[in-house]
Amino acid sequence: MSIIMEQIKRTKIKDILASAEYEKTVNVKGWVRTRRGNKFVNFIALNDGSSIHNLQIVADVTQFDEELIKRITTGSAISVNGTLKESAGKGQSVEIQATEIEVVGDCNADEYPLQPKKHSLEFLREIAHLRFRTNTFGAIARVRHAMIFAVHSFFSEKGFLNIHTPIITASDAEGAGEMFKVTTMDINNAPKTEEGDVDYSKDFFGKATNLTVSGQLEGELAALAMSEIYTFGPTFRAENSNTTRHLAEFWMIEPEMAFYDLDDNMDLAEEFTKYLLNYALENCMEDLEFLSKRLQEEEKGKKAADQSMELIEKLRFVVDNDYIRLTYTEAIDILMQSKPHKKGKFQYELKGFGSDLQSEHERYLVEKHFKKPVILTDYPMSIKAFYMKQSDDGKTVKAMDVLFPQIGEIIGGSQREESYDKLLERMRAMDLPEEEMSWYLDTRKFGSVPHSGFGLGFERLMLFVTGMGNIRDVIPFPRTPNNAEF
RNA sequence: UCCUUCUUAGCUCAGCUGGUUAGAGCACCUGACUGUUAAUCAGGGGGUCCUAGGUUCAAGUCCUAGAGAGGGAGCCA
């Protein structure tokens, strides 16, 4: 039996909670978190995703059909007409006194996996299609949206153009890791060349293609005409990485700026990340407060020394302090002088100039020595990509890595090599196919200028802003080795 | 890919040096309660102890292999 309800325009719960128009008749729609009460009065906690906070619906049970009330279970979707009231109970300022309730979508309580209790993140990962309905993942979804919006507003305010770079690419010279192949050929029956290799000339694009690992090279092409651009798109790495900070499919922001040297690049990276964190503080406070409490709850059992700084305090701390800038060589010196090195406490030996820093070394610098974000520059040429600008010392390149506490490398970037000869020389030394990359080299031939850029891993930013520990929890549907569910 | 830990009810977990019929809290069902706050109280149903072998009089517990998950490392954003 369906009840025809009076048609009232729906109001979002966020707006109801901020309203003081008592006695006004309103309609709300959403999903039930819990229902409790007795024979005479029931309280329904309703959430529609617009806020971390639930709206309390008060139903005088004697006014409603008993069968209807029974169908209002955790997870069910309902539409409520009622009167906005100042709450008679503690715990909320406003509530809705229901006059009409319709169950829009039933939810079998026996089968519904979400309960009004704390679930483990691992369990929720297995039911990622439903985890939006929890406080934690609702908060993360709202913060994620705010951060996406802030990225665009930051660059737009500064006159940067958003460029859509290709997702399918034929370039395999970017050196950013293993790639996913893109093909329309039948892999069990692929056309072969006379030598017996797969004949990609018969494939859809007439050559071997992959999913992009970076939009940087195309971004540079745009920057060397439009001056300042950024990309913000999906990125794919087929590395067999099983960590709390790697995904096979993730979103990356890559600004690229003509006439920027490495210092300008660092200035932008610092201003950008601070803008994003500040945007979260100004626009997502309720969600951040919830996430902060969640984190403290989770870390209750830990020793005081192992507990992280309170989330909101941590974000303010980064926004209010200058990032430390130092060269790779200076970092090695500091590490050589450090207690853990002298006492042999590092698990990996410090090898000195020419070897890459282990993450335990980076973490020591950021979390123990400086206790704030650190930008490391001027890395040895041998451990960095071919396109980075070579320094006059002949040993280092104008590279920069921005390291954040807890999550490590959040940004990797550099000033780009603008000299045609030096770039070509480096490509030959690294055995890169110069024919295929001629379009990239052309930019250094025709009006080349100094330019710089960097890549910011969006989900790593999300880890930092939300205080979550696993990157699989800050993207709605994570793709990792052995997992492409949903 | 390597190292390491884990897998027991729908969920979170306990189950000791192998020993009777495998437990708790929450959830679910039934009942009580006129303002609850993850409501509370009483009762009830619910198990392939991850899978396959093995040791033993006896295996949730020990051994081997496999699967899945967590954490750390490498690669990086």
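Small disclaimer: the values here were computed from a predicted structure and weren't measured. Residue numbers start from 1 in every chain, and the chains themselves are labelled A, B, ... in the order their sequence lines are given, proteins ahead of strands.
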Quick one: label [X] by what it contacts on the DNA or RNA (base, sugar-phosphate, nothing), any heavy atom closer than 4.0 Å.
{"X": "A:Ser241", "answer": "base"}
{"X": "A:Arg472", "answer": "sugar-phosphate"}
{"X": "A:Gln115", "answer": "base"}
{"X": "A:Leu456", "answer": "nothing"}

Nucleotide of [options] approaching [X] most closely (side-chain heavy atoms):
{"X": "A:Asn482", "options": "B:G68, B:C75, B:U12", "answer": "B:G68"}
{"X": "A:Gln358", "options": "B:U1, B:G74, B:G35", "answer": "B:G74"}
{"X": "A:Phe123", "options": "B:G74, B:C28, B:C11", "answer": "B:C11"}
{"X": "A:Pro116", "options": "B:A38, B:A32, B:C76", "answer": "B:A38"}
{"X": "A:Asn38", "options": "B:U34, B:A73, B:G70", "answer": "B:U34"}
{"X": "A:Arg237", "options": "B:C75, B:U12, B:A77", "answer": "B:A77"}
{"X": "A:Thr244", "options": "B:G71, B:C76, B:G70", "answer": "B:G71"}
{"X": "A:Ala109", "options": "B:C28, B:A73, B:C11", "answer": "B:C28"}
{"X": "A:Lys70", "options": "B:U30, B:U36, B:C76", "answer": "B:U30"}
{"X": "A:Thr243", "options": "B:A32, B:G74, B:G70", "answer": "B:G74"}

Going by purine N1 to pyrimidine N3 plus the second Watson-Crick contact, or the G-U wobble pair, all under 3.5 Å, which nucleotide sits opposite [N]?
{"N": "B:U1", "answer": "B:A73"}
{"N": "B:A27", "answer": "none"}
{"N": "B:U7", "answer": "B:A67"}
{"N": "B:A32", "answer": "B:U40"}

Tell me whether A:Phe43 is stacked on the nucleobase of B:G35, counting only the six-membered base ring and applying the 5.5 Å and 30° thresholds.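 Per 5.5 Å and 30° rule: no stacking.
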Go through the steps to decide whether A:Arg71 and A:Glu67 satisfy the test salt bridge (Lys or Arg N to Asp or Glu O under 4.0 Å), and finish with yes or no. CA-CA 7 Å; A:Arg71 288 169 59 203; A:Glu67 286 308 306; over 6 Å; no
Below 3.5 Å, does any donor atom in the side chain of A:Glu95 face an acceptor in the base of B:G35, or the other way round?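 A donor-acceptor contact between them is present.
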Does any donor-acceptor pair link the side chain of A:Gln92 with the base of B:U36 at a separation under 3.5 Å?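 Checked by distance alone, the answer is yes.
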Please compare A:Asn242 and A:Gly37 by the position of their nearest nucleotide in RNA chain B and report the one closer to 5'.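 The residue whose closest nucleotide sits nearer the 5' end is A:Asn242.
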Could you state the atom-to-atom distance from NZ of A:Lys117 to C1' of B:C11 in whole Å?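 For the pair A:Lys117 NZ and B:C11 C1', the rounded distance is 4 Å.
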Please say which of A:Lys314, A:Glu367, A:Glu299 ends up in a side-chain hydrogen bond (donor to acceptor under 3.5 Å, both in side chains) with A:Ser308.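 The residue from A:Lys314, A:Glu367, A:Glu299 that satisfies side-chain hydrogen bond (donor to acceptor under 3.5 Å, both in side chains) with A:Ser308 turns out to be A:Glu299.
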Flag side-chain contact, heavy atom, 4.5 Å: A:Lys395 against A:Met381: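 Side chain of A:Lys395 against side chain of A:Met381, heavy atoms only: no contact under 4.5 Å found.
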Within-4.5 Å side-chain heavy-atom neighbours: A:Val374 and A:Tyr323: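 Side chain of A:Val374 against side chain of A:Tyr323, heavy atoms only: no contact under 4.5 Å found.
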